[in-house]
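First comes the structure, then the notes that go with it.
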Amino acid sequence: MTGAPAPALSSSPALSRQQFRLRPPPLPEPRGPLSAALTARLSRGTDPDPDPGSTPLPVPSPDNCSPYGDDLQLALYVLYELHYQGFQDVPDSLEWDSGLLAFRGAIEKVFLGALRADVPIDSAETAARALDELQLEPVGDDGSGVSYFLRDEGTLDQVRAYAAVRSLYHLKEADPHAWVLPRLHGRAKAAMVAVEFDEFGGGRAEEMHAQLFADLMEDLGLETTYGRYVDAAPAEVLATVNLMSLFGLHRALRAALVGHFAAVEVTSSPGSRRLAEAMRRVGAGPAAVRFYTEHVTADAVHEQVVRHDVVGGLLEGEPHLDADVVFGIHATTFLENRLADRLLAAWHEGATGLRGAWPDGPAPGAGRSSG
Amino acid sequence: MPNTPERPRRVRVQRDGPLLVEGPVEVVGEDGEVSVSHRFTVALCTCRRSRDFPWCDTSHRRRCRNPSEKQEDKTS
């Protein structure tokens, strides 16, 4: 990288939008006893515990909660978000509050336990074979997944809803994967850093993929404020984002993080092509199309680098982690399929798939063509 | 910098995939059209099926009748 001076912040509209994002979002609305107890605790800030002898969170045990349900997934999402952007009026220091960490650990145990049960790993399977299987494309390009639906028949409102719920990840795109960097070595680390550098715009803030997604959201008339659509996101969305944080924040799951990342990169290009076509069809605007066309060619490169050097490099040094890479791949597919089932069921009924109504009110896309 | 005498530019050749070349690159097509990429590595299409030629768009992949395709909708 060169030592070229950074442009003045006020000179770029893209950067001024970034500045706007620096204000953390408000706490989301609780969805049950776990998330209610958690948001109440966070709202109390660093005030001393009213009952200092007790555990900080005498809440219902997460053991009795549905592992993929709204309450548990939102509580986990909020706890992880303390490691990213935090929340308005919640002290930054609570990121490392021991009571909250213990609470997070209990929830993670339920989530990870459910995933281990639902995604059994065949001892004969290898990471290389699992990634090969992900590469198969349907004959005639007529699959039935989310990107096919949006390309062929999704309404503008459904395309907007898809962008709104995906914003939970894309506005922090590549952040969860940065946690794995210090856990890698040599070839795997160098390659992972190279791919992350690309995700983060190759040193240019306006080219960061998170910024390209914010530009897409503007084209669709969505608010780009970080965390704006958390309340509208169903549990299935929260689970896909929580999976990345779970894998990223635990060194013991570093190979699962690598497997997850490889699965995403391997499957991204063809889906991004279809989503770019969806954006064109609903008249979403050039930035919306650009986000996905950029991912067609970027992820065709990332796939190769991740397979050869990140997965290959990791397993060369730590071959016993092969099954964890496979677990990361299959857990990703499992949760993405749950999300696709949820969205497609709603879309076939003409609904948006959002949890509740649009937080902004009716779609402001009146001036846009939906055909 | 990748392209120095001390450190030659690396090109990875694969039988069933794109040519991987350390960037930045300028690719000159048969018609003289120049395509430029500043990416750290580029994937050059060798199957000629890419709709983003000269860049790979994964069109070289094998196709099958019933892949489990729903997972193909996430974007990195």
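Values reported hereafter were calculated over all heavy atoms of this structure, with side chains retained and with hydrogens, waters and symmetry mates removed. Per chain, numbering begins at 1; letters A, B, ... match sequence-line order.
Using a 4.5 Å cut-off between heavy atoms, A:Ala174 makes no contact with chain B at all. Contact annotation for A:Phe334: neither backbone nor side-chain heavy atoms come within less than 4.5 Å of a heavy atom of chain B. Proximity to chain B (any heavy atom under 4.5 Å) is restricted, for A:His170, to the side chain, taken from C-beta onward. Neither the backbone nor the side chain of A:Phe213 comes within contact range of chain B, judged by heavy atoms closer than 4.5 Å.
For residues 42-49 of chain B, heavy-atom neighbours of chain A at less than 4.5 Å comprise B:Val42, B:Ala43, sorted by residue number. Annotation: residues 11-21 of chain B contacts chain A through B:Arg12, B:Gln14, B:Pro18, B:Leu20 [non-hydrogen atoms, separation under 4.5 Å].
B:Arg39 contributes atom CZ, which lies 4.5 Å from atom CD of A:Glu294 (distance to the nearest 0.5 angstrom). Note that CG of B:Asp52 and CZ of A:Arg273 are 4.5 Å apart. Values are rounded to the nearest 0.5 Å. Rounding to the nearest 0.5 Å gives a distance of 10.5 Å between CD of A:Glu196 and CZ of B:Phe40. Rounding to the nearest 0.5 Å gives a distance of 4.5 Å between CD of A:Glu303 and CZ of B:Arg61.
Interface remark: of the candidates A:Thr297, A:Val195, A:Val296, A:Thr240, A:Thr297 forms the most heavy-atom pairs closer than 4.5 Å to chain B.
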